[in-house]
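Each chain gets a letter, A, B and so on, in the order its sequence line appears, and its residues count up from 1. Everything quoted here is computed from the prediction, not taken from an experiment.
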Number of protein chains: 2
Amino acid sequence: MAALTKNDIKITRTESSKISSIDFNNLAFGQVFSDHMLICDYKNGKWHTPEIVPYSPITLDPSAKIFHYGQSIFEGMKAYKDDKEDVFMFRPMDNVRRLNVSAKRLSIPELPEAYFMEGLKALLEVEKDWIPTAEGSSLYIRPFIFASGKGFHASPADEYKFIICAAPSGAYFSGKVNVLIEETYSRSANGGVGFAKAGGNYAGQFYPTQLAKAKGYQQVIWTDDTTHEFIEEAGAMNVFIRINDTLLTSPVSDRILDGITRKSILQLAEAEGLKTDVRKVKVSELVEASRNGSLKEMFGAGTAAVISPISGFGFRGEDFIIPEQDASFASKLKNRIVAIQTNKVEDPFGWRVKL
Amino acid sequence: MAALTKNDIKITRTESSKISSIDFNNLAFGQVFSDHMLICDYKNGKWHTPEIVPYSPITLDPSAKIFHYGQSIFEGMKAYKDDKEDVFMFRPMDNVRRLNVSAKRLSIPELPEAYFMEGLKALLEVEKDWIPTAEGSSLYIRPFIFASGKGFHASPADEYKFIICAAPSGAYFSGKVNVLIEETYSRSANGGVGFAKAGGNYAGQFYPTQLAKAKGYQQVIWTDDTTHEFIEEAGAMNVFIRINDTLLTSPVSDRILDGITRKSILQLAEAEGLKTDVRKVKVSELVEASRNGSLKEMFGAGTAAVISPISGFGFRGEDFIIPEQDASFASKLKNRIVAIQTNKVEDPFGWRVKL
Ligand SMILES: Cc1ncc(COP(=O)(O)O)c(C=O)c1O
Ligand SMILES: Cc1ncc(COP(=O)(O)O)c(C=O)c1O
């Protein structure tokens, strides 16, 4: 099973590519999809050999458990192409492993790592021409698993589908974001599924985010659900806070996603000689640092936006502005990580994986 | 829009009913589905007129948000048929209202109440012959809404489907259940979505429930995620505890579903002259009551099982047995509520709704 190789993957090509209709210089994020997808079924107690097929609709029974019990998990990653048309992935093994961490928590059967990796490579070879090269753009890759098994009984399904789709995409956020520190709603529970990339975690964020948007903020800063005293994540990103010259971020926990961008930034910052400190950060500390001028930067970190600088935050009706920095950590780290991802500089960390 | 009547609902009948293949005296729970379903689309900013169509697969784009961001909610209710072939629903307006409470929290557009009620009535008329009459059985009805709109952007979808399916069903649990008091995993967060019937809440329960099953328990008793000191729900049911002659249940909160069975039991118990007390119950109080003999009964309450008696509980490696009661509150209340639901006795509460 785990001995699957790329050659075992059957490929059925589309008869009508839509690639010529796409403006690769004006891409939104995750709105157009490439010509093919990888699909792999779990039934009769095992994952079957993945196939590449034309991007096409999925047909499910109305009682499929995905509709009723939220058994779904996903990953988000990107592929890049350099001047020589070589294709690169970024830490893909971390995505496979995290997918299986999520799978376990959601009672979804774990996927053999080779099915993911060989499937992904086969798909990227087929979709090579779909990888945009304009600055800030990439082929956004969405591996996901959901429960296709039937029945109105709140118990794990007996059938699942693993799919990888790809969407040529531009930048996720266009500018700096203004965030609201959330003290009423929460993203995740102690002992819950916050550390998993489970579909249900995202739907629960929409309403509080809409309320924040109505007040003029673009994102929510999630705090712990018990006390709302500690800063946990920024929307669907991990969060970094620079106080004087130290970069702070919360340790991951069962409420916080172990972001690949987050851990890469921590390693990169250390290699660059920047001070980092992984510890819980209180909202009161952030407010205090803003008042006394020691708060220099704040940013979200995640695959989609890479680094998303925060221009200010709202807290209990008061707005705090984070002043512009000349040589910001955010832009320094973002440039460095993107240069590694896109094969413009050496990769001393071994993160980049060539197709 | 809200002025929709049953006659506006177009009905397309199946050409091959499967009803003759069903053994109505040997029904599992939620495993066979009736011939038709109600379907209603939200697009271009509004809910369109529902239709009744043959029970048939649903086709979705791989980027449909249900697969990625867990935007789904559901309801569970039952229809019964009496000796005279009259059909009854139980407090259906409470299901519509709760569906819209869930919708709001999950950023799903609220459904006009008439679409639900008229749609349900039209469906029940078409599916009348599918309502089983054997004791303990009923037509289980599953209204649900999910995000069908496309795109890999973690934001509310622009299209949804509201569907009602029906499954002729036998009893949900066959015997008494032995439960485990859960102190590691949690169902919901303060400020989270636990009070909503959101799909994601259920997937998160599967893994802890499987762990409990491996230890010989059938269900988990959820406690609050902050301290794990307070008893909140029993699996996907509300929980009642009888100490001496008082029936206790936790108040509902943003972590606990406002169960229709729970509130009916409270009203019924009061009408029967039983003492009830809606207050938080500590695990330590339960253990103490078990030790000193004042713990008389414990049961789960929900639409599927109605009342599900608990025979004992495990806590920190110790097993506590709840002795059999002669005239248990559980059986008294269950008989009463089922008699009301199935039109065998008067309904002083106005809960029963005739089709
Ligand atoms: C909740 C949440 N936090 C953080 C992240 C960042 O993780 P990564 O850097 O692996 O993309 C994501 C995903 O992008 C996320 O969904
Ligand atoms: C989590 C949860 N609690 C309690 C209940 C009981 O609610 P009701 O009595 O309305 O069915 C349900 C649904 O059955 C549920 O899913």
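Atom CD in A:Gln205 sits 11.0 Å away from atom OH in B:Tyr69 (nearest 0.5 Å). B:Ile58 CD1 to A:Asp61 CG: the interatomic distance, rounded to the nearest 0.5 Å, is 7.5 Å. Separating the CD1 atom in A:Ile66 from the CD1 atom in B:Ile66 is a distance of 4.5 Å, to the nearest 0.5 Å. Between atom CG of residue B:Asp254 and atom CG of residue A:Asp225 there is a gap of 9.0 Å, rounded to the nearest 0.5 Å.
Under the 6.0 Å cut-off for aromatic ring centres, A:Phe67 and B:Phe74 do not qualify, their centroids lying 6.0 Å or more apart.
Contact count versus chain B (heavy atoms, under 4.5 Å) is highest, among A:Gly192, A:Pro57, A:Pro156, for A:Pro156. Interface remark: of the candidates A:Cys165, A:Pro62, A:Gly30, A:Gly70, A:Pro62 forms the most heavy-atom pairs closer than 4.5 Å to chain B. Put simply, of A:Tyr140, A:Tyr202, A:Tyr55, the one with the most heavy-atom pairs under 4.5 Å next to chain B is A:Tyr55. Heavy-atom pairs under 4.5 Å with chain B were tallied for A:Val193, A:Ile108, A:Leu106; the largest tally goes to A:Leu106. Of all the listed residues (A:Ala236, A:Pro208, A:Gly194, A:Ala167), the one sharing the greatest number of non-hydrogen pairs under 4.5 Å with chain B is A:Pro208. Most heavy-atom pairs under 4.5 Å with chain B: of the set A:Arg142, A:Gln71, A:Lys161, this distinction falls to A:Arg142.
Side chains of A:His68 and B:Phe144 form a contact here, defined as non-hydrogen atoms less than 4.5 Å apart.
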message: As a quick check of understanding, evaluate side chain to side chain contact (heavy atoms under 4.5 Å, CB included) for B:Ser169 and A:Phe152, giving each step before the final call.
response: CA-CA 10 Å; B:Ser169 295; A:Phe152 296 151; over 6 Å; no

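The stretch residues 100-109 of chain B participates, sequence neighbours left out, in these side chain to side chain donor-acceptor pair (under 3.5 Å) pairs: A:Gln210-B:Ser107.
With a threshold of 4.5 angstrom between heavy atoms, B:Phe206 approaches chain A through its backbone and through its side chain. Using a 4.5 Å cut-off between heavy atoms, A:Thr226 touches chain B through backbone and side chain atoms alike. Only the backbone of B:Ser56 comes within contact range of chain A, judged by heavy atoms closer than 4.5 Å. Of the atoms belonging to B:Ser63, heavy atoms from both backbone and side chain fall under 4.5 Å from chain A.
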